[in-house]
Amino acid sequence: MEKKTSIWKLEQSRIDNIIELIRTKRTGLEENTGQLKENIIDLRKNFWEDVTVNIDEPDEVIETYASIKQQAELLSERERSHGQFYKSIKLYNRLEDSPYFARIDFTEDGGKKETVYIGIGSLMDKKEDDFLIYDWRAPISSMYYDYSPGAAEYETPEGKIKGEMDLKRQFLIRKGKITGLFDTGITIGDTLLQQVLGGNASSQMKSIVATIQKEQNRIIRYEKDKMLVVQGVAGSGKTSAAMQRIAYLLYRYRKTIRADQVLLFSPNQMFISYVSSVLPELGEENMRQNTFQEYAAQRLDDEYKLETPFEQLEYLLTSREDGADARIDGIHFKAGLEFKHLIDEYVKELAKKGMHFRNIKFRGERIVAANEINNYFYQLDAAMSIPNKIEQVMEWLLEKVKELEKREIDKDWPVEEAAFMDKKDYLDAYKSLQKNQQFNEETFDDYQREEELLTRVVVERSLRPLRKKIKKLKFIHLRKIYQGLYEHDLPFSYPDNWKQIGEKSIAALQSNILYAEDITPYLYLQDQIEGRKINPVIQYVFIDEAQDYSPFQFEFIRQLFPNAHFTLLGDYNQAILANVGESPTILEAAGGYEHVERMKLMRSYRSTKPIVEFTSRIVPGGHEIEAFNRDGTLPRIHLADSEPSQFDQIKTTIRERQQEGQETIAILGRTKEECQHIVSSLQDEFSPRYIYKESQTFEKGLMVLPVYLAKGIEFDSVIIPDASAATYYRENERKLFYTACTRAMHELDICYRGEMSPFLKQIPSELYE
């Protein structure tokens with residue numbers, strides 16, 4: 001006991017000294033930052049005074065350019081320094097509260113013992129000679145995550161360093177004081193992990209650098225193949241590992257990769273908000289985040305109302321209309337690569353016939369007819385690709401517009417419009433013409449010359465939108481071309497009800513709606529015709545909830561980012577969206593690509609052991625899921641004999657969870673309609689927050705939301721309002737039910753009336769109350 005007290009005192013004394021140094025360094029930086037800021041302001045104010053400007057002679061122009069460049073570089077360098085100072089100050093603020101979370105003592109073979117303290121950022125001593133704290137991403141820090149005391153090694157750019165780890169110590173430090181200290185023989189001591197996991201759910205995901213497990217560390221530091229596929233069970237920390245992986249890559253390749261060269265495809269906006277604080281907490285800028293839906297909307301310029309995958313799922317969960325089976329078959333077929341091959345065959349046919357174009361109109365008159373464009377397109381060299389032909393057509397149409405412009409200048413309407421020009425437009429025209437040296441001040445007040453020049457401005461301005469549309473290739477009638485895919489007869493193996501599948505999609509298109517299952521094929525066809533729109537800048541692409549991406553969708557994304565390394569994370573037991581069809585999920589199918597590394601995370605940390613043992617019985621292969629040893633109460637199943645008593649039970653459960661101090665209580669309905677009914681029934685007493693669209697943010701408190709919007713998020717307590725046999729009975733909803741139950745961290749309550757869901761009947765009664 002005395003030894004432990006002595007160790008505690010020594011470690012606390014070191015922390016006190018570290019915090020004193022941090023404060024000293026921060027004060028010095030703040031003074032420098034203030035001076036630097038004033039320097040930057042002065043540079044900006046006096047930029048042109050400090051530049052030699054002379055453009056009368058060629059040599060002096062060169063000197064002027066060099067002078068401007070030198071001043072701009074000086075300003076840029078000062079601004080970069082200010083940004084770095086500011087970043088360091090933020091790091092010092094975080095280190096002051098908790099300087100580090102681990103210590104290892106390591107003796108290199110043939111060398112001396114080194115004591116390594118590990119935190120969220122590095123800290124050097126006063127002389128900037130030695131590290132007092134190592135960044136968790138440094139090569140030497142990896143031993144903390146990968147080894148127990150004993151033989152250990154770590155990779156460096158120069159090769160492996162081998163030796164002996166003599167000590168592995170973990171800390172809990174809050175406000176500069178040690179609150180927990182453990183010497184451990186395993187990767188992360190259960191005591192520390194239980195304290196971290198036993199807390200309440202947060203409205204934003206937190207960094208897990210202190211509790212990264214060995215299997216997660218492999219994911220974070222993986223650098224070999226271009227594609228990493230992670231199958232992780234619910235609550236295994238795959239999303240957290242992905243965020244730390246991004247932070248690691250930004251640190252490891254900080255000289256060559258910027259945050260804006262990393263892209264994360266997220267399942268929805270709610271999730272984007274949830275993970276937004278992780279990288280800034282680690283001192284890194286946030287990567288780009290997007291949903292596939294947002295990407296598609298940007299590409300299609302609001303031409304259609306795009307059905308979201310969640311709206312598609314709502315349709316499948318609630319629709320009883322005729323033709324629903326054809327829609328389901330269409331969703332499954334369009335998810336696969338077979339449909340991509342069908343489009344490829346269709347494009348080959350389009351090279352010979354079947355293209356559709358729009359009439360080119362100006363002021364209500366047809367300038368170039370669609371059939372005229374069609375004739376020009378098919379007269380071009382047959383050996384040319386369709387995108388190259390389209391570019392030729394675009395240039396030809398712009399020439400037509402140029403000819404039109406010459407004709408329109410001589411008409412009456414430009415003169416009439418010029419007469420009603422307001423003062424601002426008049427001055428803009430004056431400046432524009434003067435800039436283009438089409439007149440000088442002496443001639444502009446000549447009425448005839450003035451009228452001639454202003455009419456030219458009017459015509460050019462009127463034709464600007466038409467030119468813009470042509471450059472954006474709006475003369476292609478893509479809707480009709482896509483529609484033709486369903487009407488064209490190709491030597492291909494079609495589903496039996498292909499005609500009905502096509503009729504559903506065509507009816508939606510004619511109402512300006514693009515079904516979720518048609519979005520990727522539509523964009524892919526557009527790329528085959530207009531030319532592929534690749535992004536060569538992105539170096540790393542992360543796809544979370546990858547099990548909900550179809551094989552076609554993933555292949556399309558892969559082609560968009562030809563230079564990128566991919567990290568796919570997901571759980572095939574949570575593949576709840578319909579667009580994956582009946583084919584294997586990307587997590588299972590990705591093995592068909594070259595240079596793929598597959599990793600599994602089978603241990604669940606989110607939920608208590610009783611909840612994991614309960615939920616693992618819902619899905620096939622659940623026996624492989626390992627529960628982290630965190631105690632808790634058994635899940636509860638509540639039977640009600642009527643709807644009023646069912647809602648009484650839900651209200652009683654809410655009160656009990658609130659009294660227990662559960663801060664985030666989620667009632668997860670199967671559909672929006674069910675959620676609306678729940679909200680109206682609880683409104684008077686509880687005023688729950690109703691989350692019904694993906695753009696809403698996640699906050700603490702009582703909330704009601706559909707299961708599919710809760711993917712990737714965790715709650716202290718989860719209530720399933722209706723798990724009756726009449727609600728969850730179809731086999732294709734098993735994963736939806738599993739996803740709902742696995743959102744719970746501490747408490748899980750399931751209500752039903754009448755007969756319970758078959759998914760519950762298979763669970764042994766000793767696993768619940």
Side-chain angles (χ1 to χ4, degrees), residues 145-146 186-190 192-194 196-199 201-202 205-222 228-248 264 266-267 271 274-275 278 542-548 567-576 585-588 590 597-630 632 707 710-716 718 735 737-746 748:
Y145 302 109
D146 290 340
I186 57 175
T187 304
I188 303 297
D190 279 2
L192 174 62
L193 196 48
Q194 283 177 352
V196 172
L197 296 173
S202 167
M205 179 180 282
K206 300 298 182 185
S207 161
I208 61 160
V209 293
T211 56
I212 290 168
Q213 302 295 289
K214 184 175 182 177
E215 66 271 22
Q216 293 168 336
N217 195 44
R218 264 189 80 212
I219 292 165
I220 290 165
R221 295 175 189 260
Y222 185 78
L228 172 62
V229 179
V230 179
Q231 157 59 33
V233 299
S236 57
K238 53 189 174 293
T239 301
S240 296
M243 299 305 294
Q244 319 303 316
R245 174 164 168 73
I246 294 170
Y248 171 76
L264 170 63
S266 297
F271 182 87
Y274 182 59
V275 301
V278 177
F542 287 73
I543 301 181
D544 204 2
E545 303 294 346
Q547 75 280 351
D548 286 331
T567 301
L568 313 182
L569 309 107
D571 177 13
Y572 42 69
N573 284 324
Q574 296 180 68
I576 65 172
T585 69
I586 285 304
L587 298 168
E588 298 161 289
E597 176 71 24
R598 300 179 65 83
M599 296 187 188
K600 282 188 175 184
L601 295 175
M602 300 308 292
R603 199 179 195 202
S604 180
Y605 299 95
R606 173 187 297 138
S607 308
T608 60
K609 188 174 182 179
I611 291 175
V612 173
E613 290 178 342
F614 175 90
T615 55
S616 66
R617 300 301 183 100
I618 298 171
V619 289
H623 63 279
E624 294 182 31
I625 299 171
E626 182 188 347
F628 174 69
N629 191 23
R630 181 162 67 87
V707 179
K711 282 172 69 66
I713 300 173
E714 56 194 26
F715 309 93
D716 294 329
V718 165
K735 292 177 178 179
F737 184 68
Y738 172 76
T739 300
C741 294
T742 54
R743 300 307 93 203
M745 290 175 65
H746 309 302
L748 174 61

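Everything numeric here is computed off the predicted structure, so don't read it as measured data. Throughout, numbering of the chain's residues begins at 1 and tracks the sequence.
Here the side chains of Asp571 and Gln231 are in contact, with some heavy-atom distance below 4.5 Å. Annotation: side chain of Tyr605 is in contact with side chain of Gln216 (closest heavy-atom distance under 4.5 Å). Annotation: side chain of Glu714 is not in contact with side chain of His746 (no heavy-atom distance under 4.5 Å).
Between Asp548 and Lys711, at least one side-chain N (NZ, or NE/NH1/NH2) sits under 4.0 Å from a carboxylate O, which counts as a salt bridge.
Here the closest heavy-atom approach between residue Ser607 and residue Thr742 is recorded as OG-O, 4.1 Å. When all heavy atoms of Phe542 and Leu569 are compared, the closest pair comes out as CD2-CD1, 4.4 Å. The minimum heavy-atom distance between Cys741 and Thr615, with the atom names listed, is CB-CG2, 3.6 Å. Taking every heavy atom of both residues into account, Ile625 and Ser604 meet most closely at CG2-CB, 4.5 Å. Asn573 and Tyr738 make their closest contact through O-CD2, 3.4 Å (heavy atoms, listed as atom of the first residue, atom of the second, distance).
Here CD of Gln547 is found 8.5 Å from NZ of Lys735. Values are rounded to the nearest 0.5 Å. Expressed to the nearest 0.5 Å, how far CZ of Arg218 lies from CD1 of Ile212 amounts to 15.0 Å.
The backbone N or O of Tyr222 sits less than 3.5 Å from a side-chain atom of Arg245, completing a donor-acceptor pair. Between the Gln244 side chain and the Ile220 main chain, no donor and acceptor come within less than 3.5 Å of each other. Side-chain atoms of Arg606 never come within 3.5 Å of backbone atoms of Ile713 as a donor-acceptor pair (strictly under, hydrogens ignored).
Every pair tested for salt bridge (Lys or Arg N to Asp or Glu O under 4.0 Å) that includes a residue from residues 608-623 fails, sequence neighbours excluded, so the list is empty.
For the side-chain contact (heavy atoms from CB on, under 4.5 Å) with Lys238, the qualifying choice from Leu601, Thr567, Ile219 is Leu601, the only one to do so. Just one residue in the list Glu215, Arg221, Lys214, Gln213 forms a side chain to side chain donor-acceptor pair (under 3.5 Å) with Asn217, and that residue is Arg221.
Shown here are the side-chain hydrogen bond (donor to acceptor under 3.5 Å, both in side chains) partners of Thr739, two or more places apart in sequence or in another chain: there are none.
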